[in-house]
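Just below is one structure, and these are the notes that go with it.
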There are 2 protein chains.
Amino acid sequence: MITNNSGLKEVIASRGLKPTAQRIIILDHLARNMKKHLTAEQIHGAMRKKTPMLSLTTVYNTLNSFVDAGLVTALTITGTEVRYEYTTVSHHHLLCKHCGRIIDIEIQCPNAERKSINGYRVDEVHGYFKGVCRDCMNKEHNQ
Amino acid sequence: MITNNSGLKEVIASRGLKPTAQRIIILDHLARNMKKHLTAEQIHGAMRKKTPMLSLTTVYNTLNSFVDAGLVTALTITGTEVRYEYTTVSHHHLLCKHCGRIIDIEIQCPNAERKSINGYRVDEVHGYFKGVCRDCMNKEHNQ
DNA sequence: TGCATGTTTGGAATGATTACAAACAACAGC
DNA sequence: GCTGTTGTTTGTAATCATTCCAAACATGCA
Ligand SMILES: [Mn+2]
Ligand SMILES: [Mn+2]
Ligand SMILES: [Zn+2]
Ligand SMILES: [Zn+2]
């Protein structure tokens, strides 16, 4: 498990944000969990061990800054809380109605790269499915 | 403007729900606004004129029942509140970041009808874009 | 050293939604 | 017509994610 913090500071600065200690550790945590889709609360909770003084408000501030700067994507799939991930490459997701996880879906989509539709300007493309993941289907089956 | 309430009572009953007065007027309102995507608050506000005693809680209860019964679709696009529409035919949307409207997008999508993906069971397909609608682009242009 | 600017912090406020318990309505059996 | 049962409606209180706010901090620069 190699700590690859190098570059995070530069990544943050490159978007015109000050690379503060808080922003670095939050982006580091997101970078170490690239395939997960974390809530602000989860990020704050994971941080409490190493940095107990980090406030939840700062986590929210930081995530909002990252999203505005185009570093992080915010997903509003569940309707109850925002999930964040360290990428801005558009891709699809599946929300499992059993375990609540959000899972990346590798799928071709002819609309994923569109910049306009019917004369509307398109800035973001979001595609997701709601259903049941494989793990949960197996659990159901074996019970 | 013809009042076409006929059938709503039957539609509600056909899903195993009692066709109460409240449920009928709420579904009627949704049916009259087929292309809009309303919040519970908007529905409640529109109702206040004719039915001032209808409670916001009942609007929520009713909408949740309709969604569970497969009569109504809930959209969690903005992240701040749920939008409801009287259809369950899967289609795409555009959220205008200027005026906040959600607009139906007629577009072909090869994934819109999928029932499974990578071994996952798929129950719902959601696709939407964030951008700027034509009205708002014109306003920007003319200012 | 002192100032200006941007960031962090905790606590209070906000706002959408749900929980809850009491009042109601519809209906079947007596 | 009463009575019990069941599901619905209602108002109020509670919940929970997120934002607001003002004070404390940090950083870099005159
Ligand atoms: Mn993802
Ligand atoms: Mn629609
Ligand atoms: Zn699952
Ligand atoms: Zn618009």
Side-chain angles (χ1 to χ4, degrees), chain A residues 8-9 12-29 37-48 50-69 71-84 95 100 102, chain B residues 8-29 37-48 50-69 71-84 95 100 102:
Chain A
L8 291 184
K9 194 182 295 202
I12 293 169
S14 75
R15 303 300 175 118
L17 297 173
K18 282 195 188 172
T20 64
Q22 291 88 338
R23 284 171 176 169
I24 291 169
I25 61 171
I26 290 171
L27 191 58
D28 179 62
H29 186 73
H37 305 85
L38 304 171
T39 66
E41 184 63 62
Q42 286 173 329
I43 294 166
H44 184 241
M47 228 106 264
R48 217 189 303 276
K50 294 272 177 190
T51 318
M53 65 293 275
L54 177 71
S55 83
L56 181 56
T57 300
T58 295
V59 175
Y60 275 108
N61 289 340
T62 298
L63 290 169
N64 285 336
S65 299
F66 286 170
V67 171
D68 292 346
L71 277 181
V72 160
T73 299
L75 301 177
T76 59
I77 294 182
T78 66
T80 56
E81 82 291 299
V82 183
R83 309 285 197 104
Y84 299 90
L95 169 66
I102 291 179
Chain B
L8 290 184
K9 192 181 296 202
E10 287 73 17
V11 168
I12 294 170
S14 75
R15 303 301 176 115
L17 297 172
K18 281 194 189 174
T20 64
Q22 292 89 338
R23 286 172 176 169
I24 291 167
I25 60 171
I26 290 171
L27 191 59
D28 179 61
H29 185 73
H37 305 87
L38 304 171
T39 67
E41 184 64 63
Q42 285 172 329
I43 294 165
H44 183 241
M47 228 106 265
R48 217 189 303 277
K50 294 274 176 187
T51 320
M53 64 294 275
L54 176 70
S55 83
L56 181 55
T57 298
T58 295
V59 175
Y60 276 108
N61 289 341
T62 298
L63 290 169
N64 285 336
S65 300
F66 286 170
V67 171
D68 292 346
L71 277 181
V72 159
T73 299
L75 301 177
T76 60
I77 294 181
T78 66
T80 56
E81 81 293 297
V82 182
R83 310 284 198 104
Y84 299 90
L95 169 65
I102 291 179

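In what follows, chains carry the letters A, B, and so on, assigned in the order in which the sequence lines appear, proteins first and then strands, with residues in each chain numbered from 1. Just so we're clear, the structure is a prediction, and the values are computed from it rather than from any experiment. Computation of the quantities below employed the complete heavy-atom set of this structure, encompassing side-chain atoms and omitting hydrogens, waters and symmetry-equivalent molecules.
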Quiz prompt | Sugar-phosphate, base or nothing in reach of B:Thr80, heavy atoms under 4.0 Å | solution = sugar-phosphate

Self-check item: First encountered from the 5' end of DNA chain C, between B:Glu41 and A:Lys18
Solution: A:Lys18

Self-check item: A:Thr76 side chain vs B:Ile77 backbone, donor-acceptor pair below 3.5 Å
Solution: yes

Practice problem: With sequence neighbours excluded, tell me which residues meet side chain to side chain contact (heavy atoms under 4.5 Å, CB included) with A:Thr58. | Solution: A:Gln22, A:Leu54, A:Ser55, A:Thr62

Self-check item: Interatomic distance, A:Glu81 CD vs D:dT19 C1' [rounded to whole Å]
Solution: 17 Å

Quiz prompt | Interatomic distance, A:Arg83 CZ vs D:dA17 P [rounded to whole Å] | solution = 11 Å

Quiz item: For residues 51-64 of chain B, which residues have at least one heavy atom under 4.0 Å from DNA chain D?
Solution: B:Met53, B:Leu54, B:Ser55, B:Thr57, B:Thr58, B:Asn61

Quiz item: side-chain contact (heavy atoms from CB on, under 4.5 Å) with A:Lys9: which of A:Ile24, A:Leu27, A:Thr20?
Solution: A:Ile24

Quiz item: Please give, in whole Å, the distance from D:dT9 C1' to B:Met47 CE?
Solution: 16 Å

Self-check item: Start and end of the DNA chain C segment that chain B contacts, any atom under 4.0 Å from a heavy atom
Solution: C:dA16 to C:dA19

Quiz item: Is the closest side-chain heavy-atom distance between A:Lys50 and A:Ile25 below 4.5 Å?
Solution: no

Quiz item: What pairs with A:Thr51 under side-chain hydrogen bond (donor to acceptor under 3.5 Å, both in side chains), at least two apart in sequence or on another chain?
Solution: none

Self-check item: Residues which pass side chain to side chain contact (heavy atoms under 4.5 Å, CB included) with A:Ala46, listed by chain and number, not counting sequence neighbours
Solution: A:His29

Quiz item: For the pair made of CD1 in B:Ile43 and C1' in D:dT9, what is the distance, rounded to whole Å?
Solution: 17 Å

Quiz prompt | Residues in side chain to side chain contact (heavy atoms under 4.5 Å, CB included) contact with A:Glu41, at least two apart in sequence or another chain | solution = A:Thr39, A:His44, A:Arg48, A:Leu56

Quiz item: Does B:Tyr60 reach the side chain of B:Ile43, with side-chain heavy atoms less than 4.5 Å apart?
Solution: no

Exercise. Could you state the atom-to-atom distance from CG of B:Leu17 to C1' of D:dT8 in whole Å?
Key: 11 Å

